[in-house]
Structure formats: structure tokens, C-alpha cells
Protein chains: 2
Amino acid sequence: MLKLSKLTDYAVVALVRLGQKSEVTTSPVLSRSTGIPEPTVAKVLKILATQGIVTSQRGARGGYRLAQPLEEISIAAVIQAIDGPISLTTCVDGGDCDARSTCGLGGQWDMVNAAIRHALSAITLADMKNHTVTDRLGGLHVPPMPDGPEATA
Amino acid sequence: MLKLSKLTDYAVVALVRLGQKSEVTTSPVLSRSTGIPEPTVAKVLKILATQGIVTSQRGARGGYRLAQPLEEISIAAVIQAIDGPISLTTCVDGGDCDARSTCGLGGQWDMVNAAIRHALSAITLADMKNHTVTDRLGGLHVPPMPDGPEATA
DNA sequence: CCATAATTGGACCAGAACAGTACTGTTTCC
DNA sequence: GGAAACAGTACTGTTCTGGTCCAATTATGG
Ligand code: FES
Ligand code: FES
């Protein structure tokens, strides 16, 4: 369905909320603050910690803190941290594609990937918080849901 | 992993190849021509037929043909035909998100979705075939794989 | 210095979604 | 009437996500 995992969605919410706190914050506190179930937010923070998005402090009085300001964290970075690399197709480098030899599309998918990454890298968590996303996108206007070509067939 | 399904990948390959044929083409022929396993390409074509991307001719001497020229078919249309609607987040309209009330991000995700759809709608199958993708994207240049912020942390 | 409590870290398990396959039915040409 | 090809459905195996549980670590208090 070309949707990112719910974990990523939660990660963005948690990070934005975390950016509003000035001190280290624990998972339970963040859970209460965001409304995300505690085990889930804990897992998300854990992953984000391994990816360096947030820094962690173990033990009592521990918690998490943003490793960078909200303005420096792009949506793409969060997605990559949770969902892994942004590669729309499986046949970018590995080569586990059956049609490799006869496909003829070569590395054209890379361009598509780049387009996606570009769009995602241009949006930071600060934009999400401040609702200033439109500024970065240059006022693109696409129909809310361009339905498939069945309308024309 | 924010990747589209392998079926979609196959669909693009099959459609581009189909666009190079002038007459109706059968699944076995298309399978041989693309290197995609026959049952899989048959399934893909079937789905594409229901979505109106290709027209089908039943019976002997039957086969598939493009419903529109390659230039008119966008990557987004193919993705929507196979994978369903392009909605990155689950909390766009349905509202099955736990953090709905406290999330505070409102409809900011819609902007991200629009950005993705825009990027995908700007690329047609003809662009994939002719390697003219860069023309549409306005010369965006992003690093091949912008690794996460762990580099700076 | 030791015991305790709080919190993160990592591993584990269940469920759902997906890819792939197979089969049966319908339509068309020869 | 027979053969060829699409249409639709159903099934199965696999992968991945989402969620849960237990172990390692550190600060605190006595
Ligand atoms: S290599 Fe996989 S589709 Fe071209
Ligand atoms: S409503 Fe789902 S994260 Fe905001």
C-alpha cells in the first residue's frame, strides 16, 4: 500500500513532543504526553536511540533526549531509522530481481528513489510541528487522490 | 522499508515492454520477453486489466494491449493499481490512530503524502523507458543514500 | 559499600499482509 | 467441436510488522 509503518508515525509524534521538552524524558512520561501506548513508544525510542536520533541515559533518572534540534531532523531520517533504507524497488543494487537482464529499465528506479528521498528530506520535524511544510515544497498542488485510469477507460 | 511491492516492480517492467509491442501480446510472450515468471506476469496483467491500465482480449488470439500510451501512464497510477492508494500514514482520514487527540501534528502528513504523490505522478512509463526522468524532476540532486544522523552524533 | 528501584537494552512471540501458485470457468478463434 | 487465452477465485508458504517479555545497567538511599 506504499505506506510507512505505524511505528514511524509514532516516532515522529514522539520526537516532536520530545523536542518540546528541555530535559531528559522517560518512556512513560512520553507515553502519557503523546497518547501512544507505553510499550510502543518505548520500542520506538529504543530504535531511535540505536540510530542516533536520540541519546539515551540508562539507569534510574535516565531517559531520552534529542541528539539534534528538531530543525535538523528530516522526515527521511526518521523513516530510515525505523523502516530502514528508502528504496522503492528491490532491484537497486542487490540484484535479486529475476528480470535483471531483460528488464531494460536499468537504474531508472534510482531516479524515482531520489525523488522520494528528496521530497522526504526537505521536510523536517520542525516543519511538522510548526505547520510550515508548504514553505519547503514550493506550493505544489496535486489532487487529493488522483484516482486511477479507470476513470478514463 | 518504504518499498513498493515486487508486483508493482514487475508491472512497470511488463508495461514498458508491452508499450514496445504494437499488437496484442499474451502473458507467455510477455513472460519470455521480460524474464518475469509466467504465473506472476499473468497475475500482474490481470490486476492491471481490472484497473484499466491495459485492455484485454479474451479467447484464442487474445492478449493484452495498453489502454493508454506510455506517456500517459504515470508511476503513481501503476502503484495505485497494484498496491492501492498512496497514503503514507494510517491517520489521514480514518482516524484509527491512538494519538489522535494529543498528537498535535494535525493534517501535516497530508502534505507529505502530497509531496510523494507529486513526485510519483511526474514520472511516466515513457520516462522510465527513455531514461528522461531527470527532465521532469527539475534536476534535483540528492546524495545516493543520505545515511542517518548517526554520522553526526 | 550494599541493596533497591528505576529505566534502558535486547530478544522473543503472535498476528497480519504479501508473494506466489494452482485450479476452474468463460470467451474467442480455427 | 477443439484449442487457446484470459478471468476469477482460492489456497499456501513466507516475510514483515506490531506487540510483549525478560535481562543488563545505573542512580539513589541507607
Ligand atoms: S532489475 Fe528488477 S525490474 Fe529491472
Ligand atoms: S493522528 Fe496519528 S499521529 Fe497524529
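Reminder, nothing fancy here: chain letters follow the sequence lines and each chain counts from 1.
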Item checked: Shortest side-chain distance from T26(A), nucleotide among dT8(C), dA19(C), dA7(D) -> dT8(C)
Item checked: Distance test, side-chain N/O of S27(B) to OP1/OP2 of dC6(D), below 4.0 Å -> yes
Note to self: Nearest heavy atom decides the nucleotide; on that basis, is P39(A) or Q57(A) closer to the 5' end of DNA chain D?
What the structure shows: P39(A)
Margin query: Is it the case that the side chain of N130(A) and the backbone of A126(A) share a donor-acceptor pair, with hydrogens and angles ignored and the cut-off at 3.5 Å?
Written below: yes
Next item on the list: Report the residues that fulfil side-chain hydrogen bond (donor to acceptor under 3.5 Å, both in side chains) with S56(A), sequence neighbours left out, ordered by chain and then residue number.
Entry: none
Next item on the list: Let me know the distance between CZ of R32(A) and C1' of dT7(C), rounded to the nearest Å.
Entry: 13 Å
Item checked: side-chain contact (heavy atoms from CB on, under 4.5 Å) against A11(A), all qualifying residues, sequence neighbours excluded -> V44(A), L48(A), V78(A), I82(A)
Checklist line | Under-3.5 Å donor-acceptor pair between R58(A) side chain and dT7(C) base | finding: no
Next item on the list: Using whole Å, report how far CG of L4(B) lies from C1' of dA19(C).
Entry: 14 Å
Every protein N/O lying under 3.5 Å from an N/O of nucleotides 28-30 of chain D:
{"from": "dT28(D)", "atom 1": "OP1", "to": "R61(A)", "atom 2": "NH1", "distance (Å)": "3.2"}

Next item on the list: Grab the CG-P distance between L18(A) and dT8(C) for me, whole Å please.
Entry: 11 Å
Next item on the list: Over all heavy atoms of both residues, which pair between Y64(B) and L18(B) is shortest? Give the atoms and the distance, please.
Entry: O-CD1, 3.7 Å
Checklist line | OP1 or OP2 of dT7(C) under 4.0 Å from side-chain N/O of S56(A) | finding: no
Checklist line | Results of side-chain hydrogen bond (donor to acceptor under 3.5 Å, both in side chains) for T25(A) - residues two or more places apart only | finding: none
Note to self: Taking side-chain contact (heavy atoms from CB on, under 4.5 Å) as the definition, give me every residue that meets it alongside E38(B), ordered by chain and number, with sequence neighbours left out.
What the structure shows: P28(B), S31(B)
Check: Once you round it to whole Å, what is the distance between C1' of dT7(C) and CZ of R65(A)?
Finding: 15 Å
Margin query: According to side-chain contact (heavy atoms from CB on, under 4.5 Å), who are the partners of R65(A), at least two apart in sequence or on a separate chain?
Written below: E23(A), V24(A), T55(A)
Item checked: Qualifying residues under side-chain hydrogen bond (donor to acceptor under 3.5 Å, both in side chains), relative to E72(B), sequence neighbours excluded -> none
Note to self: If I take atom CG in residue D9(A) and atom C1' in nucleotide dG18(D), what distance separates them, rounded to the nearest angstrom?
What the structure shows: 14 Å
Which pairs, protein N/O on one side and nucleotides 8-15 of chain D N/O on the other, fall under 3.5 Å?
{"from": "dG8(D)", "atom 1": "O6", "to": "K46(B)", "atom 2": "NZ", "distance (Å)": "3.2"}

Checklist line | Which residues share a side-chain contact (heavy atoms from CB on, under 4.5 Å) with A42(B), sequence neighbours left out | finding: S27(B)
Notebook entry, point to check: Counting any heavy atom closer than 4.0 Å, what does L7(A) reach on the DNA or RNA strands: base, sugar-phosphate only, or nothing?
Noted result: sugar-phosphate
Notebook entry, point to check: Between Y64(B) and dA7(D), is there a side-chain N or O to OP1/OP2 distance below 4.0 Å?
Noted result: yes
Item checked: First of P28(A) and T8(B) reached from the 5' end of DNA chain C, by closest nucleotide -> P28(A)
Item checked: T40(B) side-chain N/O to dA19(C) phosphate OP1/OP2 under 4.0 Å -> no
Checklist line | Nearest-Å distance for atom pair CG/C1', residues L48(B) and dC6(D) | finding: 14 Å
Next item on the list: Please state how far atom CD1 in I82(A) lies from atom C1' in dG19(D), giving the value in whole angstrom units.
Entry: 14 Å
Next item on the list: Provide, to the nearest angstrom, the distance between the CG atom belonging to L45(B) and the P atom belonging to dA7(D).
Entry: 9 Å
